[in-house]
Protein chains: 2
Amino acid sequence: MHSQGNVDNTTGSNWDALLGQMPLPAFGVPMPASFHPAGSEIFSPGSDANCFYVVKFGCVRVYRLLADGRRQISAFHLPGEVFGFEADSRHHFFAEAVGATSTLSMRVSATADLSATLLPLALRGLVRAQEHLLVLGRQNAPERVAAFLLDMFERQGGLERFELPMSRTDIADYLGLSLETVSRVFTRLRGQGIMRLVSLRTVEIVKMQALSVMCE
Amino acid sequence: MHSQGNVDNTTGSNWDALLGQMPLPAFGVPMPASFHPAGSEIFSPGSDANCFYVVKFGCVRVYRLLADGRRQISAFHLPGEVFGFEADSRHHFFAEAVGATSTLSMRVSATADLSATLLPLALRGLVRAQEHLLVLGRQNAPERVAAFLLDMFERQGGLERFELPMSRTDIADYLGLSLETVSRVFTRLRGQGIMRLVSLRTVEIVKMQALSVMCE
DNA sequence: CGCGACGTTGAGGTCCATCAATAAGCGTGG
DNA sequence: CCACGCTTATTGATGGACCTCAACGTCGCG
């Protein structure tokens with residue numbers, strides 16, 4: 001599919017503001033922005049990992065598959081976040097646009113500056129992955145969903161109402177649950193008055209404290 | 001406990017050989033080797049993360065706890081491996097010696113060289129953590145144990161007979177299982193002729209192919 | 001030899017996956 | 001605007017994988 005067209009700059013995005021927060025120039029050689037339709041592939045295992053990406057708008061899922069199709073999403077990436085760096089010159093994962101998404105890609109130039117810029121990002125990703133290991137290894141379904149909601153809440157600026165860009169299936173594959181279990185936990189949390197669903201994909205946290213306590 | 005005594009150099013370790021493989025001088029300022037008795041703490045959350053560590057001999061577990069004591073081990077570190085770098089100046093995890101262990105610690109010096117050396121290590125750690133997410137999120141008990149055995153096999157030089165430095169409880173907390181389930185899967189793998197237990201902590205892989213297939 | 005830590009095995013219960021049916025959103029075209 | 005079909009989400013019923021609790025066995029060490 002046509003996933004590499006130039007970006008439509010008429011959309012009102014907060015990209016310029018994000019640029020100011022990020023040490024972007026040190027990243028490498030900027031390349032044209034790319035637009036990715038919903039569900040389109042950004043990279044896949046085995047492809048060249050010679051650049052990495054900044055989400056401009058939309059959402060990206062990074063995942064691995066087992067031979068029989070079981071999927072584990074290791075991370076969602078929201079606007080302003082960087083993804084796509086790898087341990088060697090080939091990708092080990094899939095990356096896809098969750099909804100309509102735009103990214104900037106940066107060609108890697110092997111300079112010391114680049115390392116110094118990338119290291120903190122890699123380390124933060126490492127800590128995030130390790131925290132996610134605790135969720136998948138030792139927390140039950142309600143705790144996992146609560147952790148996910150809190151994470152999305154914090155990453156979208158801490159407003160009690162926020163969007164879930166991804167489907168229940170995506171959430172399930174991120175949390176190591178079935179989509180039915182995710183749906184049931186949502187229903188339970190609504191019943192307890194902890195959250196509301198303004199729409200299917202719009203969450204409003206009502207009892208923040210209760211949600212936090214669930215994650216210990 | 002007395003976890004910071006100097007190392008006993010009379011033990012025959014393969015450290016010198018490992019040194020040759022690793023870009024150690026670029027790491028930072030070497031500090032005296034430390035000996036850690038079995039079970040002793042190496043660092044804990046909140047403590048200063050101003051140095052990182054190379055395992056000389058023994059084994060280290062890195063983990064997080066939930067408030068009620070549930071534990072998730074995010075990684076075991078074997079001789080020659082580096083651990084302890086963090087996203088900010090404080091540790092977010094516990095690190096403990098599994099058995100009698102010796103480490104070299106390196107004080108972090110904020111140079112570009114250091115970044116260039118550390119980045120590949122951080123990226124490899126990131127890929128490892130993301131692969132572990134797939135195991136915890138989407139594989140069942142036999143698959144998890146098989147993945148663990150294969151990993152230990154490969155990291156100990158690919159000899160069909162190797163040691164497990166850690167207890168069943170540690171393995172369980174690494175794989176997100178109960179210790180009983182780990183034990184039962186071991187028994188099952190023995191019954192299938194896939195592995196043998198030379199001793200409680202010495203594994204011999206008999207049907208490597210069958211073990212690999214289990215992980216897909 | 002005896003004690004304590006570690007490991008194995010068994011019985012029973014629970015949480016969650018699976019299968020299945022219904023309902024709700026959403027775009028398309030009449 | 002509504003009808004239609006498709007995708008996504010919810011809800012229910014059932015079974016199974018794994019956890020928990022408990023007993024027993026085994027190893028290592030004083």
Side-chain angles (χ1 to χ4, degrees), chain A residues 37-39 59 61 66 68-72 98-100 135-149 163-192 195-203 214, chain B residues 37-39 59 61 66 68-72 96-100 135-149 163-192 195-203 214:
Chain A
C59 177
R61 58 179 172 246
L66 290 171
D68 63 0
R70 283 175 288 175
R71 182 177 70 156
Q72 178 62 46
V98 170
V135 174
L136 295 191
R138 288 305 181 202
Q139 296 198 270
N140 60 26
E143 291 168 339
R144 295 185 201 198
V145 171
F148 169 74
L149 290 174
E163 293 293 312
L164 301 179
M166 69 295 285
S167 69
R168 301 291 190 263
T169 299
D170 283 340
I171 298 172
D173 284 350
Y174 177 70
L175 295 177
L177 299 170
S178 69
L179 67 95
E180 295 95 331
T181 295
V182 171
S183 183
R184 275 185 255 267
V185 172
F186 271 35
T187 302
R188 178 122 62 99
L189 291 175
R190 284 191 290 153
Q192 295 170 326
M195 63 171 269
R196 263 174 17 95
L197 280 186
V198 179
S199 73
L200 277 179
R201 303 251 183 126
T202 307
V203 171
M214 289 181 66
Chain B
C59 177
R61 60 178 169 245
L66 291 171
D68 61 2
R70 282 175 287 175
R71 182 178 71 155
Q72 178 63 47
E96 286 174 358
V98 170
V135 174
L136 294 191
R138 287 304 180 203
Q139 296 197 268
N140 60 27
E143 291 169 336
R144 295 186 201 197
V145 172
F148 170 74
L149 289 175
E163 292 293 311
L164 301 179
M166 69 294 284
S167 70
R168 302 293 189 264
T169 300
D170 283 339
I171 298 172
D173 284 350
Y174 176 70
L175 295 177
L177 300 170
S178 69
L179 68 97
E180 294 94 332
T181 295
V182 171
S183 182
R184 276 185 256 265
V185 172
F186 272 34
T187 302
R188 177 123 64 99
L189 292 175
R190 283 192 290 153
Q192 296 170 325
M195 64 172 266
R196 259 171 25 90
L197 279 186
V198 179
S199 72
L200 276 178
R201 303 254 182 123
T202 307
V203 172
M214 289 182 65

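Note on naming: letters A, B, ... go to the chains in the order of the sequence lines (proteins, then strands), and numbering restarts at 1 for each one.
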Inset, instruction - Take B/Leu200 and B/Phe186 through the side chain to side chain contact (heavy atoms under 4.5 Å, CB included) test and state the conclusion after the steps. - result: CA-CA 10 Å; B/Leu200 276 178; B/Phe186 272 34; over 6 Å; no
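- Heavy atoms of A/Leu197 sit under 4.0 angstrom from primed sugar atoms or phosphate atoms, though from no base atom.
- Rounded to whole angstrom, the span from the CZ atom of A/Arg168 across to the P atom of C/dA23 amounts to 19 Å.
- Atoms CZ (B/Arg70) and C1' (C/dC15) sit 13 Å apart, rounded to a whole Å.
- Side-chain atoms of B/Arg201 do not come within 3.5 Å of backbone N or O of B/Glu163 as any donor-acceptor pair.
- Counting any heavy atom pair closer than 4.0 Å across all strands shown, B/Gly176 reaches sugar-phosphate atoms only and no base atom.
- Taking atom CZ on A/Arg188 and atom C1' on D/dT11, their separation rounds to 14 Å, with Å as the unit.
- Panel note: side chain B/Arg61, backbone B/Val98; no donor-acceptor pair is recorded below 3.5 Å.
- Between the side chain of B/Arg144 and the backbone N or O of B/Gln139, at least one donor-acceptor pair lies under 3.5 Å.
- Closest contact between the side chain of B/Leu200 and the listed nucleotides D/dA9, C/dG7, C/dA17 involves C/dG7.
- Checked against C/dT8, D/dA9, D/dT10, the side chain of A/Ser167 finds its nearest nucleotide in D/dA9.
- For a distance-only test at 3.5 Å, the side chain of B/Glu180 fails to qualify as a donor-acceptor partner of the base of D/dC18.
- Computed from coordinates, the A/Arg144 CZ to C/dC15 P distance equals 14 Å when rounded to whole Å.
- The CG atom of B/Leu177 sits 10 Å away from the C1' atom of D/dC19 (whole-angstrom rounding).
- Note: CG (B/Asp170) to C1' (C/dA5) measures 13 Å, nearest angstrom.
- Of the candidate nucleotides C/dT8, D/dT10, D/dC21, C/dT8 has the atom lying nearest to any side-chain atom of B/Leu179.
- The CG atom of A/Leu164 sits 16 Å away from the C1' atom of C/dG25 (whole-angstrom rounding).
- Of all nucleotides listed (C/dT18, C/dC16, D/dT20), C/dT18 comes nearest to the side chain of A/Ser178.
- No N or O donor and acceptor, one from the side chain of B/Arg201 and one from the base of C/dG7, sit under 3.5 Å apart.
- Here D/dC18 is the nucleotide among D/dT11, D/dC18, D/dC19 with the atom lying nearest to any side-chain atom of B/Asn140.
- Close to C/dT9, at under 4.0 Å from its OP1 or OP2, lies a side-chain N or O of B/Thr187.
- Proximity note for A/Arg190 (side chain, C-beta onward) versus D/dT10, D/dC19, C/dT8: the nearest is D/dT10.
- A donor-acceptor contact shorter than 3.5 Å links the side chain of B/Arg138 to the backbone of A/Leu177.
- The nearest whole Å value for the distance from the CG atom in A/Leu189 to the P atom in D/dT10 is 12 Å.
- If you check D/dA13, C/dT8, D/dT10 against the side chain of A/Arg184, the one that comes closest is D/dA13.
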